S.K.: 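Below: one structure in structure tokens.
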Amino acid sequence: MKKRVYIAGGGGMLGEAFYQVFKDEFEIKVTDIDLNASWISFLDFRDYNAYRNELLSFRPDYLFHLGAHTSLEYCEEDIADAYLTNTIAVENAVKLSNELDIPFL
Ligand SMILES: NC(=O)c1ccc[n+]([C@@H]2O[C@H](COP(=O)([O-])OP(=O)(O)OC[C@H]3O[C@@H](n4cnc5c(N)ncnc54)[C@H](OP(=O)(O)O)[C@@H]3O)[C@@H](O)[C@H]2O)c1
């Protein structure tokens with residue numbers, strides 16, 4: 001049986017690369033706020049409960065958390081959202097992988 005990989009914030013450059021490499025070998029679910037491809041479904045990982053429900057339902061063997069605000073200009077303009085997206089959400093993702101007892105990447 002194929003191992004399961006959940007990729008949060010996988011609609012960007014790195015997510016697309018991971019998806020192309022892993023899609024045949026693994027059962028993959030990719031989510032993002034930007035639904036720019038047919039293989040991406042919606043999750044805003046700033047929403048802790050929604051993120052937890054997604055993971056409890058998909059039951060991944062690995063959690064890849066790739067999404068981020070990568071524009072330094074935006075991060076300087078909206079420090080609160082930058083902190084929530086790039087720090088708090090990552091901290092939450094670590095907690096969730098610990099709860100599921102799976103590797104966090
Ligand atoms: N690309 C590289 O070569 C590289 C190398 C080393 C490290 N990294 C790091 O790897 C991470 C990803 O890089 P990337 O190049 O793939 O960046 P990217 O192309 O900007 O992709 C990031 C994705 O995360 C999404 N996102 C932002 N907030 C989200 C949220 N709350 N919930 C769900 N998705 C959200 C973005 O959506 P929006 O576009 O709508 O904001 C975007 O689709 C970053 O931390 C980056 O610094 C990248």
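We count ligands from 1, going down the list as the structure has it; atoms in each ligand are counted the same way. Given the structure is predicted, the values throughout are model-derived calculations rather than measurements.
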S.K.: Looking only at protein heavy atoms, which one is nearest to atom 42 (C) of ligand 1, and what is the separation?
M.R.: Asp32 OD2, 3.7 Å
S.K.: With a 4.0 Å heavy-atom cut-off (strictly under), which part of Leu43 contacts ligand 1: side chain, backbone, both or neither?
M.R.: backbone
S.K.: What are the atoms of ligand 1, with element, lying closer than 4.0 Å to any heavy atom of Gly11?
M.R.: 43 (O)
S.K.: Phe104 versus Asn98: any side-chain heavy-atom pair under 4.5 Å?
M.R.: no
S.K.: Should we count NZ of Lys3 as having more than 12 external heavy atoms under 6.0 Å?
M.R.: no
S.K.: What atoms in ligand 1 come closer than 4.0 Å to a heavy atom of Asp44?
M.R.: 30 (C), 31 (N), 32 (N)
S.K.: Is the backbone of Ile33 close enough, under 3.5 Å, to the side chain of Asp44 for a donor and an acceptor to pair up by distance?
M.R.: no
S.K.: Note the single closest protein heavy atom to atom 39 (O) of ligand 1, along with its residue, its atom name and the distance in Å.
M.R.: Asp34 OD2, 4.0 Å
S.K.: Side chain or backbone of Thr70 under 4.0 Å from ligand 1, or both, or neither, by non-hydrogen atoms?
M.R.: side chain
S.K.: List every atom of ligand 1 that sits less than 4.0 Å from any heavy atom of Gly9, numbering the atoms from 1 in the order shown and giving each element.
M.R.: 23 (C), 24 (O), 34 (N)
S.K.: What residue and heavy atom of the protein are closest to atom 21 (O) of ligand 1, and at what distance?
M.R.: Gly12 CA, 3.2 Å
S.K.: Within the protein, is there a heavy atom lying under 4.0 Å from atom 44 (C) of ligand 1?
M.R.: yes
S.K.: Measure the distance from atom 1 (N) of ligand 1 to every protein heavy atom, then report the residue, atom name and distance (to 0.1 Å) of the closest one.
M.R.: Met13 SD, 3.3 Å
S.K.: Counting only nitrogen or oxygen atoms and a 3.5 angstrom limit, does Leu66 reach ligand 1?
M.R.: no
S.K.: What is the closest protein heavy atom to atom 27 (C) of ligand 1, and at what distance does it sit?
M.R.: Ala68 O, 3.6 Å
S.K.: For ligand 1, which atoms sit closer than 4.0 Å to a heavy atom of Gly67?
M.R.: 24 (O)
S.K.: Do me a favour and list the nearest non-hydrogen protein atom to atom 26 (N) of ligand 1 with residue, atom name and distance?
M.R.: Ile33 CG1, 3.9 Å
S.K.: Less than 4.0 Å between atom 7 (C) of ligand 1 and some protein heavy atom, yes or no?
M.R.: no
S.K.: Just which atoms of ligand 1 are under 4.0 Å from any heavy atom in Arg46?
M.R.: 31 (N)
S.K.: Who's the nearest protein heavy-atom neighbour of atom 10 (O) of ligand 1, and how far?
M.R.: Leu14 CD2, 3.3 Å
